[in-house]
Undergrad: 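Questions regarding the structure given below will be posed in turn.
Position 1 is the first residue of the sequence; numbering continues from there.
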Amino acid sequence: MLKKALLGAVALIALAGHVQAEDLKEFRVGIIGGENEADRLRNYQCLGDHLKAELGFEKVSFFPAADYDGVIQGLLGGTLDYAELGASGFAKIYLAKADAVEPILTTVQTDGSTGYHSIMVARKDSGITKLEDLKGKKLGFADPDSTSGYLIPLVTLPESIGGPVKEYFAETGFGGGHENLVLEVMKGTFDAGTTFGSGVGEWKDGYTSGNLHKMVEKGILDMNDLVEVWKSPLIPNGPIVVRSSMEGDMKAKFKQFMLDLPQKDAACFAAVMGGDFTSFTEVNVDFYKPIIDARKATIGG
């Protein structure tokens with residue numbers, strides 16, 4: 001009986017080792033929605049090349065979701081190994097299953113901060129220049145799981161407008177991601193909309209990083225056509241997360257790989273992260289506690 005139990009234990013250990021080895025053959029990357037899928041895949045291609053060359057993966061698979069929730073569900077289900085999330089997206093995962101993923105890194109802005117801003121924009125020719133001009137008008141949000149595009153405006157706007165968002169604006173809705181939200185503002189679907197940027201650098205460039213910056217770089221937005229109506233307090237930059245069940249040695253190797261990326265390939269770092277950043281810095285769950293608490297109190301899990 002004892003011999004059978006021992007043989008069974010050995011078999012389980014061997015199976016676990018086999019599964020772990022299989023896992024290392026493919027690295028699965030989740031890419032949140034928010035911009036054109038072809039652009040997202042092109043920006044991440046260099047990362048896949050580096051992962052195969054430097055960490056030995058036979059295959060790096062990219063899963064660009066139509067929205068934020070597609071990647072969130074993939075991480076909750078354990079079918080993705082790594083993703084870059086917004087803080088609210090991470091909070092959603094944490095509130096649903098605290099041990100599903102592990103936040104390991106975030107970006108550092110060119111001014112040394114580890115935060116960015118929710119930025120409300122309107123068409124320059126609309127005559128809207130301040131929040132008071134938007135009373136009774138239509139406001140667009142980016143995505144229900146976006147930190148800058150929904151959660152932070154929902155939490156912080158009431159102080160500026162003197163009441164709940166739903167009572168101040170005639171109508172609110174979602175634009176289907178940050179890029180599309182700005183395009184919908186330009187088309188007149190919304191009188192204003194919330195997107196994100198570093199708040200550092202030149203307005204004409206869409207700041208140094210964020211959705212506006214990416215749209216300017218792609219040539220699909222001229223910042224002279226927009227005005228900034230409102231800017232939020234600083235928001236924690238979103239985390240790089242990995243599947244918590246990933247083998248410890250691989251976690252450490254991947255983390256170091258990412259820490260080294262800005263120096264090894266600055267162009268790839270900028271493409272993947274969407275703008276000008278100086279580096280990554282280490283973070284953990286504590287860095288996102290205020291966002292987790294804010295989401296729990298307003299939107300829920």
Undergrad: Fit a plane to each ring of Trp203 and Tyr207, take the angle between them on a 0 to 90° scale, and name the class: parallel (under 30°), tilted (30 to 60°) or perpendicular (over 60°).
TA: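 Ring orientation of Trp203 relative to Tyr207: perpendicular.
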Undergrad: Grab the two heavy atoms, one from Gly188 and one from Arg123, that are nearest each other, plus how far apart they are.
TA: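 Heavy atoms only, the tightest pair is N-NH1, 4.4 Å.
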Undergrad: Do Thr147 side-chain atoms and Ala87 backbone N/O form a donor-acceptor pair below 3.5 Å?
TA: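 Yes.
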Undergrad: Would you say the side chains of Gln109 and Thr278 form a donor-acceptor pair under 3.5 Å?
TA: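 Gln109 vs Thr278: no donor-acceptor pair found between side chains.
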Undergrad: For Ser118, does its backbone N or O pair with a side-chain atom of Ser148 as donor and acceptor, under 3.5 Å?
TA: no
Undergrad: Tell me, with the steps shown, if Val108 and Phe280 meet side-chain contact (heavy atoms from CB on, under 4.5 Å).
TA: CA-CA 6 Å; Val108 179; Phe280 287 115; over 6 Å; no
Undergrad: To the nearest 0.5 Å, how far apart are CD1 in Ile161 and OH in Tyr168?
TA: 6.5 Å
Undergrad: Evaluate Thr79 against Gln73 for side-chain contact (heavy atoms from CB on, under 4.5 Å), listing each step before the verdict.
TA: CA-CA 9 Å; Thr79 59; Gln73 295 307 319; over 6 Å; no
Undergrad: Side-chain contact, heavy-atom cut-off 4.5 Å: Phe257 with Leu51?
TA: yes
Undergrad: Please determine whether a side-chain nitrogen of the Lys or Arg among Asp69 and Lys92 lies less than 4.0 Å from a carboxylate oxygen of the Asp or Glu.
TA: yes
Undergrad: Give, for atom CG of Leu259 and atom CG of Leu105, the distance between the pair rounded to the nearest 0.5 Å.
TA: 5.0 Å
Undergrad: Are Val182 and Met120 connected in a single hydrophobic cluster, I mean Ile/Leu/Val/Met/Phe/Trp/Tyr linked by side-chain heavy atoms less than 4.5 Å apart?
TA: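 No, no single cluster joins them.
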Undergrad: Do Glu26 and Arg28 come within less than 4.5 Å of each other through their side chains, counting heavy atoms only?
TA: yes
Undergrad: To the nearest 0.5 Å, what is the distance between CG (Asp125) and CG (Asp225)?
TA: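 Rounded to the nearest 0.5 Å, the CG-CG separation comes to 7.5 Å.
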Undergrad: Strictly by side-chain hydrogen bond (donor to acceptor under 3.5 Å, both in side chains), give each pair with a member in residues 254-268 just once, sequence neighbours left out.
TA: His50-Asp265, Glu54-Lys264, Lys255-Glu282, Gln256-Asp260
Undergrad: Report yes if some heavy atom in the side chain of Phe90 is under 4.5 Å from a heavy atom in the side chain of Ile291; otherwise report no.
TA: no
Undergrad: Val29 and Leu80: which non-hydrogen atoms are nearest, and at how many Å?
TA: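 Here Val29 and Leu80 meet closest at C-CD2, 4.2 Å.
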Undergrad: Please check: side-chain N/O of Arg40 versus main-chain N/O of Phe63, any donor-acceptor pairing under 3.5 Å?
TA: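 Looks like no, no N/O pair under 3.5 Å.
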Undergrad: For Phe196, what residues pass the ring pair (Phe, Tyr, Trp, His ring centres under 6.0 Å) criterion, not counting sequence neighbours?
TA: Tyr116, His178
Undergrad: Say you draw a straight line from CG of Asp143 to CG of Leu181; how long is it, rounded to the nearest 0.5 Å?
TA: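 So the gap between those two atoms works out to 10.0 Å.
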Undergrad: Ignoring hydrogens and geometry, is there a side-chain-to-backbone donor-acceptor pair from His213 to Asp205 under 3.5 Å?
TA: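 Confirmed, His213 side chain pairs with Asp205 backbone.
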Undergrad: Could you tell me whether the side chain of Asp133 and the main chain of Thr129 form a donor-acceptor pair under 3.5 Å?
TA: yes
Undergrad: Checking the side chain of Thr156 only, and the main-chain atoms of Ile152 only, is there a donor and an acceptor separated by less than 3.5 Å?
TA: yes
Undergrad: Does the pair Lys218/Asp39 count as a salt bridge with the N-to-O cut at 4.0 Å?
TA: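 A salt bridge is present here (some side-chain N lies under 4.0 Å from a carboxylate O).
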Undergrad: With side chains defined as the heavy atoms from C-beta onward, is the minimum distance between Ile31 and Val71 less than 4.5 Å?
TA: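 Ile31 vs Val71: side chains apart.
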Undergrad: Ignoring hydrogens and geometry beyond distance, is a side-chain donor-acceptor pair present between Tyr94 and Lys289 at under 3.5 Å?
TA: yes
Undergrad: Does any N or O in the side chain of Lys138 come within less than 3.5 Å of the main-chain N or O of Thr189, such that one atom is a donor and the other an acceptor?
TA: yes
Undergrad: Flag yes if more than 12 heavy atoms outside Lys296 fall under 6.0 Å of its NZ atom; otherwise flag no.
TA: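 Not more than 12 within 6.0 Å, no.
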Undergrad: Looking at side-chain heavy atoms only, is the closest gap between Ile128 and Leu134 below 4.5 Å?
TA: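 They are in side-chain contact.
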Undergrad: Is there side-chain contact between Val165 and Thr172, with at least one heavy-atom pair below 4.5 Å?
TA: yes
Undergrad: I'd like to know if the side chain of Asp191 and the backbone of Lys137 have a donor-acceptor N/O pair within less than 3.5 Å.
TA: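 Flag not set: sc Asp191 to bb Lys137 has no pair under 3.5 Å.
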Undergrad: Check whether any side-chain heavy atom of Tyr68 lies under 4.5 Å from a side-chain heavy atom of Ser146, and answer yes or no.
TA: yes
Undergrad: Does NZ in Lys166 sit with more than 12 non-hydrogen atoms of other residues, nucleotides or ligands closer than 6.0 Å?
TA: no
Undergrad: Can you name the ring pair (Phe, Tyr, Trp, His ring centres under 6.0 Å) partners of Phe254, sequence neighbours left out?
TA: Phe27, Tyr82
Undergrad: Is it the case that the side chains of Arg295 and Ser88 hold a donor-acceptor pair, with the cut-off being a distance below 3.5 Å and no angle test?
TA: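 Yes, Arg295 and Ser88 have a side-chain donor paired with an acceptor closer than 3.5 Å.
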Undergrad: Mark yes or no for whether His117, through its side chain, and Ser232, through its backbone, hold a donor-acceptor pair below 3.5 Å.
TA: yes
Undergrad: Hydrophobic clustering (ILVMFWY, side-chain heavy atoms < 4.5 Å, transitive) - are Ile292 and Ile93 grouped together?
TA: yes
Undergrad: Got a sec: does the NZ of Lys251 have more than 12 other heavy atoms crowding it under 6.0 Å?
TA: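 Buried by this count: over 12 neighbours within 6.0 Å.
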Undergrad: Kindly indicate, with the supporting measurements, whether the criterion side-chain contact (heavy atoms from CB on, under 4.5 Å) is fulfilled by Ile104 and Val242.
TA: CA-CA 7 Å; Ile104 57 171; Val242 294; 3.9 Å; yes
Undergrad: Start with the C-alpha gap between Tyr150 and Phe174, add the side-chain angles, then the distance that decides, and say whether ring-ring contact (aromatic ring centres under 6.0 Å, His included) holds.
TA: CA-CA 9 Å; Tyr150 186 52; Phe174 292 100; 5.0 Å; yes
Undergrad: Please answer: with hydrophobic residues joined when any side-chain heavy atoms are less than 4.5 Å apart, are Val283 and Val101 in the same cluster?
TA: yes
Undergrad: Run the salt-bridge test on Lys214 and Glu217 with the 4.0 Å N-O cut-off and return the result as yes or no.
TA: no
Undergrad: Test of understanding: clusters of I, L, V, M, F, W, Y form through side-chain heavy atoms closer than 4.5 Å, transitively. Do Met258 and Val60 belong to the same one?
TA: yes
Undergrad: Compare every heavy atom of Val185 with every heavy atom of Ala122, then report the nearest pair and how far apart it is.
TA: CA-CG1, 4.1 Å
Undergrad: Do you know which two heavy atoms are closest between Pro153 and Phe141, and how far apart they sit?
TA: CB-CE2, 3.9 Å
Undergrad: Taking Arg243 first and then Glu102, would you say they form a salt bridge - that is, a charged N and a carboxylate O separated by under 4.0 Å?
TA: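 No, this pair does not count.
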Undergrad: For the atom pair CG (Asp145) and CD1 (Ile299), what is the distance rounded to the nearest 0.5 Å?
TA: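 Here the interatomic distance stands at 7.0 Å.
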Undergrad: Which heavy atom of Asn36 sits nearest to which heavy atom of Glu179, and what is that distance?
TA: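 Scanning both residues completely, I find the closest heavy atoms to be N-OE2, 3.7 Å.
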Undergrad: Are Phe287 and Met273 connected, step by step, through hydrophobic side chains (Ile, Leu, Val, Met, Phe, Trp, Tyr) whose heavy atoms are closer than 4.5 Å?
TA: no
Undergrad: When you look at Leu226 and Leu212, which way does the side-chain contact (heavy atoms from CB on, under 4.5 Å) test go after all the steps?
TA: CA-CA 10 Å; Leu226 292 176; Leu212 296 169; 4.1 Å; yes
Undergrad: Checking side-chain polar atoms at under 3.5 Å, does Ser198 have a donor or acceptor matched by the opposite partner on Thr208?
TA: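 Looking only at side-chain atoms, Thr208 and Ser198 do form a donor-acceptor pair, the distance falling under 3.5 Å.
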Undergrad: Let me confirm one number: the OH-CD1 distance from Tyr288 to Ile235, rounded to the nearest 0.5 Å.
TA: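 Nearest 0.5 Å value for the OH-CD1 distance: 12.0 Å.
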Undergrad: Compare all side-chain heavy atoms of Lys124 with those of Val227 and state whether any distance is below 4.5 angstrom.
TA: yes
Undergrad: Is it the case that the side chain of Thr106 and the backbone of Asn237 share a donor-acceptor pair, with hydrogens and angles ignored and the cut-off at 3.5 Å?
TA: yes
Undergrad: If every non-hydrogen atom of Gly149 is compared with every non-hydrogen atom of Thr194, which pair is closest and at what distance?
TA: O-OG1, 2.9 Å
Undergrad: Please determine whether side-chain hydrogen bond (donor to acceptor under 3.5 Å, both in side chains) holds for the pair Asn211 and Thr195, giving the CA-CA distance in whole Å, both sets of side-chain angles, and the decisive distance to 0.1 Å.
TA: CA-CA 7 Å; Asn211 177 57; Thr195 185; 3.0 Å; yes
